[in-house]
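In each ligand, atom 1 is the first atom listed, and ligand 1 is the first ligand listed. Here the structure is a predicted model, which is why all the values come from computation and not from measurement.
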Amino acid sequence: MASIIGAVATSHIPAIGAAMARSLQGDAYWKPFFDGYPPVNAWLERMRPEVAVVIYNDHGLNFFLDKMPTFAVGAAAEYRNADEGWGLEPVAPFPGHPGLSWHLIESLVADEFDVTSCQEMLVDHGFTVPMGLLWPGRRRLPKTLPISVNTVQHPLPTPQRCYKLGCAVGKAIASFPQELRVVILATGGLSHQLDGERAGFINRDFDLMCMEKIIADPLALTRYSIRDLVEQAGSQGVEVITWLMMRGALRGPVRCLHRNYHIPISNTGAGLLLLENAA
Ligand code: DHB
Ligand code: FE
């Protein structure tokens, strides 16, 4: 049986990709952010996940406003990257795990989550930046399984729906008949707004509250509406719904093994959580 060994949630800002490409990790601006990651790298090194299920949001690379699935699941042998407009140098493709993908898709549809299956899927900075942070130099890079949630074209799925989908992802992985060590990643958030009158808006208190609730009381966050999240976290801060999906996949109580929070990175409250099942 496949098992979920734990989960990591991280922000996915394009500027981080540019900083990694230029080896700026030690610079004064970047150090408090990058210093969050070595404990997570060490944990991944020790735990050796074979597949990373990457719950993220596409920003206009694979899906655009003309056709926007609410939830899309990758089912490809590899996932290629391209620059969706931030000027990041594209990185090498990421290997997929079509067997686990199709099992997940079958299980989700059976559980009444009508996801879009993607046998071709380009992955943007929301996917590649966290992979670069978590597997620097691609040492022991696992296979990957992208799940993209719409955070761009309203109406967006409710936080409650996202949490429930996460629970169904956890259930699906647990019923995969092969031995497989799976880590769940969530990428996005925390608070940020990139456009409009509130451009630059960051809400530290709300971010820290979200990190606490993700650990100890995720149901509290499922009572927020998307409108509440936009108000409290900014129009792009709704990306925190990816964290709720991740938390749903862990199902039971969790232990927080490591966390970091630093503002600002670019326009964003940058958060990091490493969670393990408590049971
Ligand atoms: C920024 C943050 C994001 O989540 C993103 O997708 C793009 C840009 C930023 O803060 O610059
Ligand atoms: Fe984003």
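In this structure, the side chains of F127 and T144 come closer than 4.5 Å at one or more pairs of heavy atoms.
L156 pairs with exactly one of T70, L229, I226 by the side-chain contact (heavy atoms from CB on, under 4.5 Å) rule, that one being I226.
Both cation-pi conditions hold for R138 and F94: the charged atom is under 6.0 angstrom from the six-membered ring centre and inside a 45 degree cone around its axis.
The nearest protein atom to atom 10 (O) of ligand 1, hydrogens excluded, is given as T268 OG1, 2.6 Å; this is a heavy-atom distance. Nearest protein neighbour of atom 4 (O) of ligand 1, counting heavy atoms only, is H192 NE2, 2.8 Å. Remark: minimum distance from atom 8 (C) of ligand 1 to any protein heavy atom is reached at P14 CD, 3.3 Å. Nearest to atom 11 (O) of ligand 1 among the protein's heavy atoms is S266 OG, 2.6 Å.
Which parts of ligand 1 touch I13 is read off a 4.0 Å heavy-atom cut-off, strictly below it: atoms 1 (C), 2 (C), 9 (C), 10 (O), 11 (O). Of all atoms in ligand 1, numbered sequentially from 1 with element shown, those under 4.0 Å from a heavy atom of W86 are 7 (C), 8 (C). Ligand-side atoms of ligand 1 in range of H59: 6 (O), range being under 4.0 angstrom from any heavy atom. The E239 neighbourhood of ligand 1 comprises atoms 4 (O), 6 (O), with distances under 4.0 Å to a heavy atom of that residue.
Residue contacts with ligand 1, taken as heavy atom pairs separated by less than 4.0 Å, involve H125 solely via side-chain atoms from C-beta onward.
Looking at E239 and the Fe ion (ligand 2) together, the shortest N, O or S contact belongs to OE2.
Between F33 and H262, the distance separating the two ring centers is not shorter than 6.0 angstrom.
Counted within 6.0 Å of CD on E45, heavy atoms from surrounding residues, nucleotides or ligands total more than 12; the atom is thus considered enclosed. Within a 6.0 Å sphere centred on CZ of R181, heavy atoms belonging to other residues, nucleotides or ligands number more than 12.
One N or O on the side chain of T187 and one on the backbone of G126 form a donor-acceptor pair closer than 3.5 Å. For Q193 (side chain) and G200 (main-chain N/O), no donor-acceptor pair under 3.5 Å exists by modelled atom type.
When rounded to 10 degrees, the angle formed at the Fe ion (ligand 2) by NE2 (H12) and NE2 (H59) equals 90°.
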